[in-house]
Amino acid sequence: MPDIKLSDGKKIPFSKTIDGFEIANKISKSLAKDACIMSVDGELKDLSFPITKSVKVKIITAKDKEGLEVIRHDAAHVLAMAVQELFPGTQVTIGPVIHDGFYYDFARKKPFTNEDLKKIENKMVEIVDRDDLTRREVWDRDEAIKHFKEIGENYKSEIIQDIPKNEEVSIYHHGKWHDLCKGPHLSSTGKIGKAFKLTKVAGAHWRGDSNNEMLQRIYGTAWTTKNDLDNYLQILEEAGKRDHRKLGREMDLFHFQEESPGSIFWHNKGWDVFMRLQNYLRKKQSEAGYEEINTPDMLDKSLWEKSGHWEKFKENMFTISTKDKRVFALKPMNCPGCIQVFNQGIKSYKDLPIKISEFGKVHRYEHSGAVHGMMRVRSFTQDDAHIFCTEDQITHECIEVTNLILEVYKDFGFSNIKINYADRPKKRVGEDKIWDKSERALLKAVKEAGVEYTINKGDGAFYGPKIDFVLKDAINREWQCGTVQVDFNLPERLNANYINEKGEKQKPVLIHRAVFGSLERFLGILIEHYNGKFPFWLAPTQVTICTITEKFNNFGKEVYKKLTELGIKVEFDSRNEKINYKIREHSHKKVPIILIIGEKEKKENSVTVRELSIENQSFLELDKAIEYIKKKNLNKLKI
């Protein structure tokens, strides 16, 4: 007799076809009430999915990550339902789940307004109250294409044409409305609840291609409770105030423009902060025994084919065809170039581990709709490092790297760190026995590091398992930054060798490592985390000297000279403006210290010190003020 094996190890025997509703009811009435979908041998299915053989089943509720995601997926469908009920003739395209919410792209000539969003949201509440039942059907491909064309859904018919022939054409019905979708979904629209909110409308090209027509994208968020929604909206409001794009303009750090989408135009102050961030890590890496290199931005297609990137990543690569018919790609990753450096000359087991770092500029094609300030760009600098080691050295090196990463985050004020361990994905290179070995080694390192971790099944890189480091910022948002990946495959593919104790060639293990991930993105995170109020050592302008009138400019210049000689980033504001105006302006630019110079200050060889976020100002002798500023700059992060 077949059995249903539950996640706690218990078994439920059955003699007929059974579904998720029945399984949940057999476990408990409360679980049946809370059930969203289920996992059947690791695959997510509707609760109505019929089970005819022995399988492992887990009932998913809204407390699970997958449960929250399916609520958001259903909310996207309900959004599309509401739009088509309110605005007949609007075509629907795609509506995926994204981090913290969902969106749906619509083809409609008339732009949606904020008033429209409110109407749509109210209609969504009506649809939830209707509690329309959900059911899934599998349609014949040609019939599905014909059907969607007949009802004017040309985008849907185009999507169906691109579905691989070996895949089912899955159609979900919510009451009378239906959509092409893989699923799974909740059993009815009422299961979504009312903890959702539409947040904004934006433009997006069909399939992310700027040559295609412009669609309208409506974003929304959905949560399991009203309290969770309110907390998120509060964070969203605060995030708007801290937006790095807004602060970047106000602080004169950088800008973006359409002539180079997804790339940053660094201004002098912003570039200075970027270089200090880079030099900070450069110093840490040097102390940890890393050798820094630099490799070409552009490499021949043949090398990317050997590495496996061409097969797995070519859609995200910028390519160039030359007159001599060679095809090159701007590097999306630094690994292959680094291995070419390792391959120069003979390496002995006595040389290992060899730690090679690179601040490599990489380029990846991101759809225009996905590009977002410094957080999602097409051109960025990776703080890559690659450690070539023996199998016996894996655990020690992974622990060393983990400790380095956690130490760096602590220096920047991030103490709430989460680690995600990810094992082999379905699409991967290399033999299973190699994956077994690398997974065991990395998991051992995570456990010995003594940090909290979660397991993300099947989310590893295509060449090896990995651990990702997730930071929590000042307003409790999570950011995945650092990573450590154990790779037995790339050295094999790119013929990296060392001479072992027996005098034979052997493949090294390759540990990929990043601390910040992307320096640009990490700097964007820092701007929002600090709300522009950088630590003194990293501030774009550390001190501004403001004279009350021009007759005090000579004394101001003396103070300016003394501070610049100490390496302090200082500005001198001698403009003929009222002092309160100057103070407000520089405070708005988040300058940590403003020194005010007037009659009293000149007479007593002193300055008035006004510090950002400190209400009271102080009057100090010049030497004491300079000593105070020196101490603020002489912390462990100074580079």
Over all atoms of both residues, closest heavy-atom pair of Val377 and Gly262: CB-O, 3.1 Å
Give me the ring orientation class for Trp271 and Phe274: parallel if the planes are under 30° apart, tilted from 30 to 60°, perpendicular past 60°. parallel
In short, Ile394 meets Ala441 closest at the heavy-atom pair CG2-CB, 3.4 Å
Quick check: do Phe359 and Glu292 have side-chain heavy atoms less than 4.5 Å from each other? yes
Can we say Asp64 and Lys58 salt-bridge, meaning some charged N sits less than 4.0 Å from an Asp/Glu carboxylate O? yes
Could you tell me the separation between the CE atom of Met374 and the CZ atom of Phe522, rounded to the nearest 0.5 Å? 11.5 Å
Counting only heavy atoms not in Glu431, do more than 12 fall under 6.0 Å of its CD? no
Please tell me if the side chains of Tyr498 and Ser348 come closer than 4.5 Å, counting only heavy atoms from C-beta onward. no
From Leu186 atom CG to Ile37 atom CD1, the distance as rounded to the nearest 0.5 Å: 8.0 Å
Return the orientation label for the Phe388 and Phe342 ring planes: parallel under 30°, perpendicular over 60°, tilted otherwise. parallel
Answer yes or no: is there a side-chain heavy-atom contact under 4.5 Å between Lys472 and Lys418? no
Glu66 and Ser39 side chains, donor-acceptor separation under 3.5 Å: no
Considering only NZ, NE, NH1 and NH2 on the basic side and carboxylate oxygens on the acidic side, decide whether Lys355 and Glu397 come within less than 4.0 Å. yes
Quick one: CZ on Arg276 to CG on Asn279, what's the gap to the nearest 0.5 Å? 10.0 Å
Contact check, side chains of Glu407 and Lys284, non-hydrogen atoms, under 4.5 Å: yes
Is Asp41 salt-bridged to Lys45, cutoff N-O under 4.0 Å? no
Show the nearest heavy-atom pair for residues Leu471 and Ile417, with the distance to one decimal. CD2-CD1, 3.4 Å
I'd like to check Asn531 versus Leu247 (side-chain heavy atoms, cut-off strictly below 4.5 Å). Are they in contact? yes
Would a 4.5 Å heavy-atom cut-off, applied to side chains only, mark Phe488 and Val509 as touching? yes
Can you find a heavy atom in the side chain of Ile94 that is under 4.5 Å from one in the side chain of Arg207? no
So does Glu311 have more than 12 non-hydrogen atoms from other groups sitting under 6.0 Å from CD? no
Mind telling me whether Phe516 and Phe412 have parallel, tilted or perpendicular rings, with 30° and 60° as the class edges? perpendicular
Listed once per pair and sorted, the salt bridge (charged side-chain N to carboxylate O under 4.0 Å, His left out) pairs that draw on residues 514-529, sequence neighbours left out: Arg477-Glu528
Would one find more than 12 heavy atoms of other residues, nucleotides or ligands at under 6.0 Å from atom CD of Glu452? no
Check whether Phe102 forms a cation-pi arrangement with Arg72 (NZ or CZ under 6.0 Å from the six-membered ring centre, at most 45° off the ring normal). no
How far does CD1 of Ile71 sit from CD of Glu69, to the nearest 0.5 angstrom? 10.5 Å
Check this for me, if you would: do Asp436 and Arg424 make a salt bridge, where the nitrogen-to-carboxylate-oxygen distance has to be below 4.0 angstrom? yes
In this structure, CZ of Arg282 is separated from CG of Asp383 (nearest 0.5 Å) by 11.0 Å
Which class fits the ring pair Tyr280 and Trp537: parallel under 30°, tilted 30 to 60°, perpendicular over 60°? tilted
Could you measure the distance from the NZ atom of Lys56 to the CG atom of Leu6? Nearest 0.5 Å is fine. 10.0 Å
His386 versus His512: any side-chain heavy-atom pair under 4.5 Å? yes
Please report the closest heavy-atom contact between Pro184 and His73, naming both atoms and the distance. O-ND1, 4.0 Å
Axial cation check for Trp435 ring with Arg440, 6.0 Å and 45° limits: no
Cation-pi check, Arg513 onto Tyr290 ring (under 6.0 Å, within 45° of axis): yes
